[in-house]
Peer 1: 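Take this structure first; my questions come after.
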Amino acid sequence: MEHVRGVMMLLAAGVAFWKGWELHRGRSAMVAYGLGALALALAVWHLTREARRPRA
């Protein structure tokens with residue numbers, strides 16, 4: 001499940017960076033780039049985590 005979340009966050013980062021590029025200037029573009037960076041960091045975190053073991 002962690003890898004699925006990581007891939008979804010990669011997609012979200014791509015969309016955020018694309019929207020930032022479309023807006024190109026201003027505060028909205030900076031917010032989009034910031035959200036893209038946050039989504040990219042979360043994607044890396046999800047993809048590099050070890051799988052959680054089920055509780056007994």
Peer 1: Let me have the donor-acceptor pairs involving side chains of residues 31-39, under 3.5 Å, with sequence neighbours excluded, atom names and distances please.
Peer 2:
from: Y33; atom 1: OH; to: G20; atom 2: O; distance (Å): 3.3
from: Y33; atom 1: OH; to: W21; atom 2: N; distance (Å): 3.4

Peer 1: Applying side chain to side chain contact (heavy atoms under 4.5 Å, CB included), name anything that partners L47, two or more places apart in sequence or on another chain.
Peer 2: H3, L10
Peer 1: Tell me which pairs pass side chain to side chain donor-acceptor pair (under 3.5 Å) where either residue lies in residues 7-17, with sequence neighbours left out.
Peer 2: none
Peer 1: Who are the side-chain hydrogen bond (donor to acceptor under 3.5 Å, both in side chains) partners of R5, not counting sequence neighbours?
Peer 2: E2
Peer 1: Suppose the criterion is salt bridge (Lys or Arg N to Asp or Glu O under 4.0 Å): which pairs have a residue in residues 7-20, not counting sequence neighbours?
Peer 2: K19-E22
Peer 1: Give me the other members of the hydrophobic cluster that V7 sits in, counting Ile, Leu, Val, Met, Phe, Trp and Tyr linked by side-chain heavy atoms under 4.5 Å, directly or via other members.
Peer 2: none
Peer 1: If hydrophobic residues (ILVMFWY) are linked whenever their side-chain heavy atoms come closer than 4.5 Å, directly or via other members, who joins V15 in its cluster?
Peer 2: none
